[in-house]
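This report refers to the structure that appears directly beneath it.
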Amino acid sequence: PELTDLSTEPEHVLESYGPDVRRKGSFAYNCLMARRLVERGTRFVQVMHAGWDQHRNLNTQLEIQCTDTDAPSAALVEDLAQRGLLEDTLVVWGGEFGRTVYSQGTLTETNYGRDHHPRCFTVLMASAGVNKGTTYGETDDFSYNIVKDGVHVHDLNATILHLMGVEHTRLTYRYQGRDFRLTDIHGEVVKKLLA
């Protein structure tokens, strides 16, 4: 019960998460709950924000989604750091896939969107062994194809597992004549992402 009692939180901390922090179920509230769970020794926490499927109404929806997530995400990382928790906490921020940079559907002044984009995708990772300030990978001028240092999802997962102290190749098991593991049968740790 003390987890959801915000009366012990300093006002400046609550303000850093944004105006929705007291609304249960909001992304801001969930980010604060994530910090409080980590503080209490919870080893894995997932914070989810729905509503990024912007095939239309991008001109209004993107601003709403960014307002919902920007301040709380930054506050979570800063809050973990100020409490000495960030050095042992891996933060991974990503979505289900990338988005095209060009318009999807009919382009009008008041309604347009972006399609799913399987080629290019951005993930932010912080602390717990991640090389600070590193930008890795590059797309062409149209953000359509990868032109340098692409990271396959199997490599990303192998790197995340490595940062959590798990050797992904040791989790291999054989089933119906095929090897399986969390990174399928692929995956190399991206050493340039490690501190």
Side-chain angles (χ1 to χ4, degrees), residues 1-101 104 110-117 120-137 143 151 153 156-157 159-161 163-164 193 195:
E2 77 279 358
L3 181 68
T4 59
D5 177 9
L6 303 184
S7 65
T8 60
E9 286 291 339
E11 193 58 35
H12 73 278
V13 170
L14 293 172
E15 287 174 5
S16 71
Y17 282 88
D20 286 339
V21 72
R22 287 183 174 88
R23 185 170 54 86
K24 289 184 178 181
S26 71
F27 187 77
Y29 179 85
N30 292 341
C31 282
L32 179 60
M33 290 300 111
R35 193 231 58 222
R36 292 171 69 96
L37 285 165
V38 169
E39 238 175 357
R40 287 159 173 78
T42 304
R43 296 190 61 198
F44 299 95
V45 179
Q46 177 181 348
V47 179
M48 199 274 282
H49 185 277
W52 287 94
D53 210 17
Q54 296 149 346
H55 295 280
R56 57 188 170 282
N57 297 322
L58 180 66
N59 53 324
T60 57
Q61 291 302 306
L62 188 60
E63 182 179 353
I64 292 167
Q65 305 303 326
C66 290
T67 299
D68 284 350
T69 59
D70 284 0
S73 297
L76 173 59
V77 172
E78 290 172 5
D79 206 0
L80 289 168
Q82 289 171 355
R83 293 165 190 272
L85 297 167
L86 190 57
E87 64 192 47
D88 296 323
T89 302
L90 175 63
V91 177
V92 180
W93 204 107
E96 57 184 336
F97 39 60
R99 284 285 179 181
T100 57
V101 296
Q104 175 188 14
T110 59
N111 190 1
Y112 48 89
R114 297 186 304 171
D115 203 356
H116 300 167
H117 190 27
C120 303
F121 182 70
T122 301
V123 173
L124 175 136
M125 296 194 317
S127 203
V130 174
N131 197 4
K132 266 186 188 176
T134 300
T135 299
Y136 190 82
S143 298
V151 176
V153 68
L156 175 64
N157 288 338
T159 304
I160 290 170
L161 288 166
L163 288 165
M164 295 187 327
L193 295 177

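Count residues from 1 along the sequence.
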* For atom CD of E11, is the number of surrounding heavy atoms from other residues, nucleotides or ligands below 6.0 Å larger than 12? -> yes

* To do: For residues S73 and C31, report the shortest heavy-atom separation together with the two atoms involved.
  => N-SG, 4.3 Å

* Asked: Given the rule in the side chain to side chain contact (heavy atoms under 4.5 Å, CB included) test, do L156 and V92 qualify, once you have shown the distances and angles that lead to the verdict?
  -> CA-CA 11 Å; L156 175 64; V92 180; 5.9 Å; no

* Asked: Going through the checks in order, is the side chain to side chain contact (heavy atoms under 4.5 Å, CB included) test met by W93 and L76?
  -> CA-CA 11 Å; W93 204 107; L76 173 59; over 6 Å; no

* Backbone N or O of L86 within a donor-acceptor pair of the S127 side chain at under 3.5 Å? -> yes

* To do: Output the distance between atom CG (L193) and atom OG1 (T135), rounded to the nearest 0.5 Å.
  => 10.0 Å

* **H116 side, atom NE2; D53 side, atom CG - distance, nearest 0.5 Å** => 4.5 Å

* To the nearest 0.5 Å, how far apart are CH2 in W52 and CG in L58? -> 10.0 Å

* **Expected output: side-chain N57 to main-chain N111 donor-acceptor under 3.5 Å** => no

* Look at atom CZ of R22 and say whether more than 12 heavy atoms of other residues, nucleotides or ligands are closer to it than 6.0 Å. => no

* To do: Would you check if there is a donor-acceptor pair between the side chains of D115 and H117 at a distance under 3.5 Å?
  => no

* Hey, are the side chains of T110 and T60 touching, using non-hydrogen atoms and a 4.5 Å cut-off? -> no

* To do: Would you confirm whether R99, through its side chain, and R114, through its main-chain N or O, come within 3.5 Å as a donor-acceptor pair?
  => yes

* Determine whether R56 and Q104 make a side-chain contact, defined as any pair of heavy atoms from C-beta on separated by less than 4.5 Å. => no

* Tell me, with the steps shown, if V13 and R35 meet side chain to side chain contact (heavy atoms under 4.5 Å, CB included). => CA-CA 11 Å; V13 170; R35 193 231 58 222; 3.9 Å; yes

* Student check: side-chain heavy atoms of V123 and V151 closer than 4.5 Å -> no

* Taking the side chain as every heavy atom from C-beta outward, state whether V45 and M33 have any pair of such atoms under 4.5 Å apart. => no

* Asked: Hey, what do you get for CZ (R36) to CD (E9), rounding to the nearest 0.5 Å?
  -> 4.5 Å

* Contact check, side chains of N59 and Q54, non-hydrogen atoms, under 4.5 Å -> no

* **Check: Y136/N131 side-chain N/O donor and acceptor closer than 3.5 Å** => no

* Report the distance from atom CG of D68 to atom CZ of F27, rounding to the nearest 0.5 Å. => 9.0 Å

* To do: Evaluate the side chain to side chain contact (heavy atoms under 4.5 Å, CB included) criterion for residues D79 and L85: first the C-alpha distance (whole Å), next the side-chain angles of each, then the deciding distance (0.1 Å), finally the verdict.
  => CA-CA 8 Å; D79 206 0; L85 297 167; over 6 Å; no

* Pair D88 + R43: basic N to acidic O under 4.0 Å -> no

* To do: Would you mind reporting whether R23 and Y29 have side-chain heavy atoms less than 4.5 Å apart?
  => no

* **Atom pair CG/CG of L37 and N30 - distance to nearest 0.5 Å** => 10.0 Å

* To do: Determine yes or no for a side-chain-to-main-chain donor-acceptor pair under 3.5 angstrom, with S143 supplying the side chain and V101 the backbone.
  => no

